[in-house]
Amino acid sequence: MERNLNELVLETLRKRSELKQLKQLQGYLTTLGHAHTHFYAFKLIRFCVLTLSNLSYARLIFDHLPSPNTHLFTAIITAYAAHPATHPSALSLFRHMLRSQPPRPNHFIFPHVLKSSHHSFSVQSLHAQIVKSGFHHFPVVQTALVHSYSKLLGGMDNAKKVFDEMSHRNVVSFTAMVSGFARVGDVETAVRVFNEMPERDVPSWNALISGCTQNGAFTQGIELFRKMVWECNRPNGVTVVCALSACGHTGMLQLGRWIHGYVYKNLFVFDSFVSNALVDMYGKCGSLGKAREVFEMNPEKGLTSWNSMINCFALHGQSDSAIAIFEQMVEGRDGVRPDEVTFIGLLNACTHGGLVEKGYSYFEMMVREYGIEPQIEHYGCLIDLLGRAGRFDEAMDVVKGMSMKPDEVVWGSLLNGCKVHGRTDLAEFAAKKLVEINPHNGGYGIMLASVYGELGKWDEVKNVWRTLKQQKSYKVPGCSWIEVDDQVHQFYSLDKSNTKTEELYGVLESIVGFRNEVMVELYP
DNA sequence: CTAGGGTTAG
């Protein structure tokens, strides 16, 4: 009888996949007096979570059990820990478990509960609980602790403490340390830990490479990617996404293309992350057509897919295409709801296309229709838009109406507009603000001095230059780069040290018919 | 039933 019932339950759960059948089975078990049998309850709960994705019904079954065991607690807590939205439930159920002992937690449960903890007090109290229950010698638990601490702000000291006390450090705990150091921007230490690792696998490489790209060390990220391939580690989707991001930021189209080929040949799942990263890479490297091609091929266009495509068009000043993509995005069969990034791209596109009214109306739409609180980035775009169009009264109204302190981009955009339209009075105001916000940026001082020059305020010009010299403030030189034959050539404004500079000036001269060094900065 | 890695933004 028992054996037959087991088979019946397993068979039903394997074949059916609806709540109705589950409830029938539940009723049948109740009539047999097995409603509270742990084995069946566990099977039903797992089925609810895994097949039906119905967490609340799983919890309902659980709540009716008079004395759930550790397994059953773990099943529900694992399910809660799988999604950030239900992390609080995982923690509160765990606290309930501690109060209602028995059952006692086992070591399997701690990684899940730790994963659900995002505050230092809960991680620390869990740590205490782990030590108290004697599970602090399990490598899995130690690793989870290292990871949890490393994700907390200022948690690296604790992470390191746990890590150093581990008797058997494995790849996973090393990787958690690498990503922890990378997260706080300490790429150097991340690299050191990585080099000390006794063995490395794909996720370890990914932790380091993503650490580089997230801290703006794109060239270093690329070098590591090359080394990884060289050492016969096969990059996966995650690696490729990071590497493509680095390609986009450095304009390495050749490598980007190579990666595209690698993806095509080696990665079975063409996931949306990879597709979006390809779109972004092609867009940033100037291959707009290729970007679009990849975008269209993506069968599951998500928010980021649309955003990336819009940004590509905005970057290239193709405002009409950017707007068309946006309209497709919101109107499509299963319309995607735009977010704040979408509108940054859209506003940018309008700015580069000179579409003032349209840009303004998109800003309004963002606030009114989508209830998105404008960020400083949006204000930056809007001021840029209005400034370029010479609509300074409105621009100043926007600045005054901002809920936050205007930043360098806001004043910089305004100053830019002023220069174009000869509004020297307002330019002085904006330049002063810039110097005030960031006195160490020599570029702002130079701009202020030039505005004073235009106004004929020669004493002020002298003052600004004196301050600049005293502070030893320097302007960061304008820089651009171009890739030729898989090699990136970098040019700084008025810098002659690049070996190709002479050649370049020659070509330039033959095109424009005269030698103009400023052109080097504009059209390398 | 366990632990590490991901794209877009002025």
Options [options], nucleotide nearest the side-chain atoms of [X]:
X	options	result
F108(A)	dT2(B), dA3(B), dG10(B)	dT2(B)
N276(A)	dT7(B), dT2(B), dT8(B)	dT7(B)
E377(A)	dG10(B), dA3(B), dT7(B)	dG10(B)
V140(A)	dG10(B), dG6(B), dT2(B)	dT2(B)
N106(A)	dC1(B), dG10(B), dG4(B)	dC1(B)

With a non-hydrogen cut-off below 4.0 angstrom, is [X] in contact with a base, only sugar-phosphate, or nothing?
X	value
V410(A)	base
V146(A)	nothing
T304(A)	base
S204(A)	base
V171(A)	base
E408(A)	nothing
T78(A)	nothing

d([atom1], [X]; [atom2], [N]) in whole Å:
X	N	atom1	atom2	result
I372(A)	dA9(B)	CD1	C1'	13 Å
D407(A)	dA9(B)	CG	C1'	13 Å
M197(A)	dG4(B)	CE	C1'	9 Å
R183(A)	dG6(B)	CZ	P	7 Å
F73(A)	dC1(B)	CZ	P	20 Å
L267(A)	dG6(B)	CG	C1'	13 Å
R292(A)	dT8(B)	CZ	P	21 Å
N298(A)	dT7(B)	CG	C1'	12 Å

Electrostatic pair D157(A):K161(A) at N-O distance under 4.0 angstrom
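Salt bridge absent between D157(A) and K161(A).
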
Is [X] close enough to [N] that one of its side-chain N or O atoms is under 4.0 Å from OP1 or OP2 there?
X	N	value
N348(A)	dG10(B)	yes
S275(A)	dT7(B)	no
K284(A)	dA9(B)	yes
H147(A)	dG4(B)	yes
Q142(A)	dT2(B)	no
Q375(A)	dG10(B)	no

Tell me whether H71(A) and dC1(B) count as stacked here, given that the ring centres must be under 5.5 Å apart and the planes must differ by less than 30 degrees.
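H71(A) vs dC1(B): stacking yes.
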
If we only count heavy atoms from C-beta on, is the V202(A) to M228(A) side-chain gap below 4.5 Å?
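In contact.
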
More than 12 foreign heavy atoms under 6.0 Å from NE2 of H87(A): is that the case here?
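Atom NE2 in H87(A) is packed in, count exceeds 12.
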
May I ask you to decide if H112(A)'s main-chain N or O and S116(A)'s side chain share a donor-acceptor pair within less than 3.5 Å?
yes

Strictly distance-based, threshold 3.5 Å: is any side-chain N or O of S275(A) a donor or acceptor partner for the main-chain N or O of D271(A)?
no

[X] (side chain) and [N] (base): donor-acceptor pair under 3.5 Å:
X	N	value
D271(A)	dG6(B)	yes
N307(A)	dA9(B)	no
D201(A)	dG4(B)	yes

Do F326(A) and F343(A) make the cut of ring centroids closer than 6.0 angstrom?
yes

Would you call the rings of W306(A) and F295(A) parallel, tilted or perpendicular if under 30° counts as parallel and over 60° as perpendicular?
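Geometry flag for F295(A) against W306(A): perpendicular rings.
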
